[in-house]
Amino acid sequence: MKNKGVKRVLAMAVATVLALETLPSVTVFAEETGSTSVQEDLTEPQQAQREDRSNSWRYKDGTPILSDTAEYLRSSSDAWYEEDGKFYNDQGEEITGAVAKGIDVSKWNGDIDWAKVKATDVDYAIIRCGYGDDETSQDDPYWKTNADACTKEGIPFGTYIYSYADSVTAAKSEANHVLRLIKGYDLSYPIYYDLEENSVREKLSTKEIAEVAQTFCSIIEDAGYDVAVYANKDWFTNYLTDSYFDTVDHWVAQYNSTCTYQGEYSMWQCTDSGTVDGIDGKVDLNMDFGAETTNKKPEAVQNLKASSKIGAVNLSWSEVKRADGYLVYGIRGSGKYGYIGMTSKTSFSDTKALTSDYNFYWVFAYRKDSEGNMLAGSAPEKYVYGKAQKCEAVTDLKAYSVSGGVKLTWTKSEGAEGYLVYGIRGEGSYGYIGMTTTGTTFTDKNALRDEYNFYWVFPYHTDGNGNKVAGGTAHYVYGRAGL
């Protein structure tokens, strides 16, 4: 950016933006820094994945580790129950905000009598469809049986896949794995990406983990499904820290009487030691808080562009998934950073943009949460700027002597709303003669017959404040009034 005026305004913008904490924040200058990026990896699945030898906080070499939840939490049959539309934990305390009780199941739960499950206070189920790459040998053998039974019994359900992905290629394969298996099913809950494999967090940086997750989630969303991420409190707090994870729902696992995770979450896996009629042995229990993916901040706007037109600066950008709309903030000339407007489209025209100075713009996607509050996303990577254009000068301006005056004609100026005629009659002063909004002709009926009259014609447009902004003029013409 070479223009000194641009640098001056941006310097003012920095100080202004930092002071306006109530408005969506922006970073006006951002130095480019090196970043790591997980690469496409075309290698075969790891042996641990092929044999489902998962290792995490709840698996050892593929076998579930039953937590000691039952040893210190109440294990009676009335723990984690619903009564009169309210939900209670293992201590008999109400769980604030919970709206439904669910279970999550996999092959480890064996054969399930879903008719008996439906007769309990279980409201929904999350069913594992498989693990790792898109290979039929890695499908959960109970997926179809469980999904068909829930469909038959009318039990709302979603699904999850255990992830081994340590590359974007593997993430794509896992997304395709899920999409292959859910064909023909009506999911009431999201598709959850289960991030807990030790080998992944030992190999990848937090940024690379985010890139893997975003790859998976984007494919699922592009296919028209809701998507969310499952992890325990430790993962969400220490490994899933990239800003991308602020844009997707969280299903948090913490086996405790209360969930102490400080971030936002829509579902809580509260125990692996639940008891439900129709299921032999222990089962994972979950509390749904009714927060859909719209309760997460949207991603930053991409591909923000500005173009000048007569009387305005037009903005455009790429659509942000699940955004309810977009907020436009900016600085006009040497003014203050502030709200410009909003739209539900991916374009906006600032009709109050200045023609005499630069205008700077930032666009924020927003969602409305369950209470109707706007949740604005991050600032775009770059701001854009431009000036509104004035009408181009009229061309082919001519003057003719006609009876009782001088007639002027000219060629239409693109974008003009009308034309202002200025001139000098004889030895008089230069000043306003008249105007027209109906065409490209004007007759000066007060033109002198004995002396020359000189004329200039200016096209104009009306700005957003109702002011006429005149364009240029190519040259003057002159003539005398006819008899």
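Values below: every heavy atom of this structure, side chains too, minus hydrogens, waters and symmetry copies.
- Looking at Glu174, its side chain never comes within 3.5 Å of a backbone N or O of Ile161 through a donor-acceptor pair.
- Checking Tyr189 against Asp226 by side-chain atom types alone, no donor-acceptor pair falls below 3.5 Å.
- Between the side chains of Asp350 and Tyr361, a donor-acceptor pair is found at a separation under 3.5 Å.
- Using a 3.5 Å distance cut-off with no hydrogens or angles, the side chains of Asn314 and Ser307 do not pair a donor with an acceptor.
- Ion pairing between a basic and an acidic side chain is recognised when a charged N comes within 4.0 Å of a carboxylate O; Arg128 and Asp284 show no such pairing.
- Proximity of a side-chain donor or acceptor of Asp123 to a complementary backbone N or O of Lys101 within less than 3.5 Å is detected.
- Using a 4.5 Å cut-off on side-chain heavy atoms (C-beta onward), Trp362 and Ile331 make contact.
- The nearest pair of heavy atoms linking Thr215 to Glu211 is OG1-O, 2.8 Å.
- Ring geometry for His250 against Tyr261 counts as tilted: the plane angle lies between 30° and 60°, on a 0 to 90° scale.
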Chi angles and distances behind the side chain to side chain donor-acceptor pair (under 3.5 Å) call for Thr206, Asp242
CA-CA 6 Å; Thr206 57; Asp242 188 270; 6.0 Å; no
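- The closest side-chain donor-acceptor pair between Trp251 and Asp104, if any, does not fall under 3.5 angstrom.
- Across Phe364, Trp317, Phe348, a single residue satisfies ring pair (Phe, Tyr, Trp, His ring centres under 6.0 Å) together with Tyr326, and that is Trp317.
- A salt bridge between Arg180 and Asp139 is present, with a side-chain N of the basic residue lying under 4.0 Å from a carboxylate O of the acidic one.
- A pairwise comparison of heavy atoms in Ile219 and Ala175 identifies CG2-CB, 3.7 Å as the closest pair.
- A donor-acceptor contact under 3.5 angstrom links the side chains of Glu93 and Asn89, judged on distance only.
- With hydrogens and angles ignored, the 3.5 Å screen pairs no side-chain donor or acceptor of Ser273 with any backbone N or O of Lys282.
- Trp114 places no side-chain N or O within donor-acceptor distance of the main-chain N or O of Glu153, the cut-off being under 3.5 Å.
- Of all heavy-atom pairs between Leu179 and Ala223, the closest is CD2-CB, 3.8 Å.
- Looking only at atom types and distance, the side chain of Tyr244 has no donor-acceptor partner in the side chain of Glu299 under 3.5 Å away.
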